[in-house]
Engineer: 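Structure incoming, see below.
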Amino acid sequence: MQVQKLRLQRGWSQQQLAELSGLSVRTIQRIENGSAASMESLKSLASVFEIDFSTMSSEPAMPAMPDTPPPTSPSTHTPNAIQQEQLALLEVRKLKSFYLHLAQYVVVIAALCAINLLTTPHRLWFYWPALGWGIGILAHAATVFGWLPFLGVDWEKRQVEKRLGRPL
């Protein structure tokens with residue numbers, strides 16, 4: 001499928017493409033598996049890939065991709081600069097997601113602590129959800145801030161290159 005080929009050429013995961021396009025990962029999976037896509041989905045993907053919408057809308061009879069880069073819309077940015085901006089936006093969205101997750105944790109755990117201290121102060125139980133959810137917060141932070149180097153973006157790119165048969 002053309003969408004998958006374009007995504008792999010850029011070294012993006014389905015999750016990254018979903019975030020850049022505003023579509024769900026499931027929608028990306030369906031389109032890549034040959035399901036019909038809505039006009040809005042195709043427009044969004046064409047915009048992310050910087051190709052003409054008519055190219056995306058005629059996808060079922062799509063020829064193989066040429067070795068030349070896809071045409072870009074008239075802009076003062078180079079395609080590489082636009083990709084860098086999109087990846088930077090993706091990183092900022094991940095950071096925003098983490099901060100929202102952290103804020104939810106603080107509010108909910110504070111509420112549970114208040115409920116616990118008001119109802120059963122002799123028996124503290126609020127620390128159990130705080131501990132469990134805290135582990136989730138740490139895992140989220142590890143992925144956002146890159147504390148775990150394996151299975152990160154570089155690993156994804158290496159795996160894509162390996163599967164495409166390109167030298168690393």
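Note: hydrogens, waters and symmetry copies are ignored here, and every other heavy atom, side chains too, is used.
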Engineer: Side chains of Leu17 and Leu45: closer than 4.5 Å at any heavy-atom pair?
Structural biologist: yes
Engineer: Treating Ile, Leu, Val, Met, Phe, Trp and Tyr as nodes and any side-chain heavy-atom pair under 4.5 angstrom as an edge, say whether Leu112 and Ile137 lie in one connected cluster.
Structural biologist: yes
Engineer: For the side chain of Asn33 and the backbone of Gln29, is there at least one donor-acceptor N/O pair under 3.5 Å apart?
Structural biologist: yes
Engineer: Will you find, in the side chains of Ser44 and Ser47, an N or O donor that is under 3.5 Å from an N or O acceptor?
Structural biologist: no
Engineer: Cluster question for you: counting only ILVMFWY and a side-chain heavy-atom cut-off of under 4.5 Å, with indirect links fine, are Val108 and Trp128 together?
Structural biologist: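 Hydrophobic grouping puts Val108 with Trp128.
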Engineer: So, the side chain of Arg7 versus the backbone of Trp12: is there a donor-acceptor pair under 3.5 Å, distance only?
Structural biologist: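 Side chain of Arg7 to backbone of Trp12, a donor-acceptor pair under 3.5 Å: yes, one is there.
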Engineer: Distance check, rounded to the nearest 0.5 Å: Ile51 atom CD1 versus Leu42 atom CG?
Structural biologist: 9.5 Å
Engineer: About how many Å separate OG1 of Thr120 and CZ of Phe126, when rounded to the nearest 0.5 Å?
Structural biologist: 10.5 Å
Engineer: Is it true that Ser41 and Ser38 share a donor-acceptor pair across their side chains at a distance under 3.5 Å?
Structural biologist: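 Ser41 and Ser38 do have a side-chain donor-acceptor pair below 3.5 Å.
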Engineer: Is there a chain of hydrophobic side chains (I, L, V, M, F, W, Y, each step under 4.5 Å between heavy atoms) that links Leu102 to Trp147?
Structural biologist: yes
Engineer: Examine Leu87 and Ile28 and state if one hydrophobic cluster contains both, with Ile, Leu, Val, Met, Phe, Trp and Tyr joined whenever side-chain heavy atoms are less than 4.5 Å apart.
Structural biologist: yes
Engineer: Say you draw a straight line from CZ of Arg163 to CD of Glu161; how long is it, rounded to the nearest 0.5 Å?
Structural biologist: 11.5 Å
Engineer: Taking atom CZ of Arg26 as the centre, does the number of heavy atoms from other residues, nucleotides or ligands within less than 6.0 Å exceed 12?
Structural biologist: yes
Engineer: Between Gln16 (side chain only) and Ser13 (backbone N and O only), is there a donor and an acceptor less than 3.5 Å apart?
Structural biologist: yes
Engineer: Examine the side chains of Gln4 and Gln14 and answer whether a donor and an acceptor come within less than 3.5 Å of each other.
Structural biologist: no
Engineer: Return the OG to CZ distance between Ser24 and Arg30, rounded to the nearest 0.5 Å.
Structural biologist: 7.0 Å
Engineer: Evaluate the ring planes of Tyr105 and Trp133, with Trp represented by its six-membered ring, and classify them as parallel (under 30°), tilted (30 to 60°) or perpendicular (over 60°).
Structural biologist: perpendicular
Engineer: Say you draw a straight line from NE2 of His122 to CG of Asn116; how long is it, rounded to the nearest 0.5 Å?
Structural biologist: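 Taking NE2 in His122 and CG in Asn116, the distance rounds to 9.5 Å.
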Engineer: Taking the side chain as every heavy atom from C-beta outward, state whether Leu95 and Phe145 have any atom pair closer than 4.5 Å.
Structural biologist: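 With C-beta onward as the side chain, the pair touches.
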Engineer: Charged N to carboxylate O under 4.0 angstrom, Glu19 versus Lys94?
Structural biologist: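 Looking at Lys94 together with Glu19, the answer is no, because their closest N to O distance does not fall below 4.0 Å.
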Engineer: Check the hydrophobic clustering (I, L, V, M, F, W, Y; side-chain heavy atoms under 4.5 Å; chains of links allowed) and say if Ile115 and Val106 are grouped together.
Structural biologist: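 Looking at the clustering, Val106 is in the same group as Ile115.
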Engineer: For the CD atom of Gln2 and the CD1 atom of Ile31, what is their distance to the nearest 0.5 Å?
Structural biologist: 11.5 Å
